[in-house]
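Accompanying notes for the structure given below.
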Amino acid sequence: MGARGPRIRSCGNQRSVGEISLDIRETVIRLSGPVSLKATLECGQAFRWKPAAFPGRPALPVAYRGVIGELALAVGQTSPVTSEIYVAWDPSSVSLSGPSYVSQVVRRYFSDEDDIKTIEGVLSRSGGVMAEAVAYGRGLRILTQDPWECLASYVLSLNKNIPAISKTVEYLAGCFGEPAGMGAFGFPSPGAIASQDVSSLRQSRCGFRDKYLYDAAVKVLSGDVDLELVRSMPVEEARQELMKIKGVGPKVADCVLLFGYHRLDVFPVDVWIARAVSRYFMGGKKLGPREAREFGERRFGAFAGYAQEHLFYWIRNAAPR
DNA sequence: AAACAGGTGCTAA
DNA sequence: TTAGCACCTGTT
């Protein structure tokens, strides 16, 4: 057997991983601008991608396995930054599986409408360390993820490191999500989470976040927090709406707005970004998260989200110590 | 072994 | 309004 999908652990609602079908389909998608799968999938905005050989093309130098919504995929490219993405999927295990559907899902997820060349140009010329950061992360794209999955994932991310978050998300998908093909599962719906006991959610090693995840599922399911309404709300109002959920503060709310709703003018601030803003833009002056956020939004305007993610990727992987 | 991890809720000034 | 602390659990 070839590369395998995410491992499924035992859980209350044990399910087997189906054999990976031999009938794998492939297409090549040309985006309107450059993409780096590594920068995009490893910068920490999504938790479901793992490096894995591309089915039938072991020589592709860049390849990942993951899930977009209800569709499991392999993606790859021939060099670190290209405009073309190789995509493979298993048509037998998902209902909508034609190449045009898959292509539409991939284009949307990778935010094909973003003008990456322009964004990178503007940020590179914006001064300070931005030129260096953008050069390092060239081809990084802010994804357009499902808002619910994004919300739940970031609630689970509180005070956790990225590998641990991925593990919890994979576990929840394996236990409570729907089959997505290639032996993988989609992220569970609010209803699927809300119908569990808090104690069975705890088996995902989510720790004290169990009650936050449950609260999010219940409020979204009941419409107490309306994720479709959030889409059309002004940023500050949308932030307050999301923060009605326990475990959602300013940082998580901003991540959901950026990675789930593609609000490119928000600038989520975590400890790393606060550090970066202080060190590289404020001469080392200490500043609170709110000040850092306001600085980022003002300085980078409509591209604040891209600035944030480039800074984050660069400071964590390449910035001088 | 002990500290830390992409924050947030709660309580006390 | 804001500072300080606890919080599950895997990883370093």
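Lettering of chains follows the sequences in order, A, B, ..., and the numbering in each one begins at 1.
- In this structure, A:F259 and A:G247 both approach DNA chain B, and ranking their closest nucleotides by distance from the 5' end singles out A:F259.
- When the P atom is compared between C:dC8 and B:dT11, the two are found 15 Å apart, to the nearest whole Å.
- If A:K246 and A:C43 are placed on DNA chain B by their nearest nucleotide, the residue sitting closer to the 5' end is A:C43.
- Side chain A:R209 to base C:dC8: a donor-acceptor pair is found below 3.5 Å.
- A:P250 comes within 4.0 angstrom of sugar-phosphate atoms only, judged by non-hydrogen atoms across all strands, and of no base.
- Remark on DNA chain C: of its neighbouring residues A:P163 and A:C206, the 5'-side contact belongs to A:C206, judged by nearest-heavy-atom nucleotide.
- Close to C:dC8, at under 4.0 Å from its OP1 or OP2, lies no side-chain N or O of A:R205.
- Rounded to a whole Å, the NZ atom of A:K167 is 18 Å from the P atom of C:dC8.
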For this session: Verify side chain to side chain contact (heavy atoms under 4.5 Å, CB included) between A:L123 and A:F303, making sure each step is shown before the conclusion.
Result: CA-CA 8 Å; A:L123 292 179; A:F303 301 145; 4.2 Å; yes

Problem set entry | Derivation and outcome, salt bridge (Lys or Arg N to Asp or Glu O under 4.0 Å), residues A:E297 and A:R239 | CA-CA 14 Å; A:E297 290 179 347; A:R239 191 180 275 131; 3.4 Å; yes

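- In this structure, C:dC8 forms no base pair with any nucleotide, since neither Watson-Crick nor G-U wobble geometry is met with both distances under 3.5 Å.
- Atom P of nucleotide B:dC4 and atom CZ of A:R275 are separated by 12 Å, given to the nearest angstrom.
- Rounded to whole Å, atom C1' of B:dA5 lies 10 Å from atom CH2 of A:W272.
- Relative to the side chain of A:N159, the nucleotides B:dA5, B:dT8, B:dG6 differ in distance, and B:dA5 lies closest.
- Close placement of the A:F259 and A:Y154 rings is indicated, their centers lying within 6.0 Å of each other.
- Centroid-to-centroid, the aromatic rings of A:W272 and A:Y313 stay 6.0 Å apart or farther.
- One can place CZ of A:R202 at 11 Å from P of C:dC7, the figure rounded to the nearest angstrom.
- The separation between A:L242 atom CG and B:dT8 atom P is 12 Å, rounded to whole Å.
- Residue-level contact check: A:G249 touches the backbone only, with heavy atoms under 4.0 Å from sugar-phosphate atoms and none from bases.
- Taking every side-chain heavy atom of A:N161 into account, C:dG10 is the closest of C:dC7, B:dT8, C:dG10.
- As judged by a 4.0 angstrom heavy-atom cut-off over every strand, A:I162 is placed among the base-contacting residues.
- C:dT2 and B:dG6 have their P atoms separated by 26 Å, given to the nearest Å.
- Between the P atom of B:dG7 and the CG atom of A:L151 lies a distance of 17 Å, rounded to the nearest Å.
- In terms of heavy-atom proximity, A:C150 sits nearest to A:V256 at SG-CA, 4.0 Å.
- Remark: C1' of B:dT8 and OH of A:Y212 are 6 Å apart, rounded to the nearest angstrom.
- Partner of A:D112 under the side chain to side chain donor-acceptor pair (under 3.5 Å) criterion, out of A:Q104, A:R107, A:R30: A:R107 alone.
- Between the P atom of B:dT8 and the CE atom of A:M243 lies a distance of 8 Å, rounded to the nearest Å.
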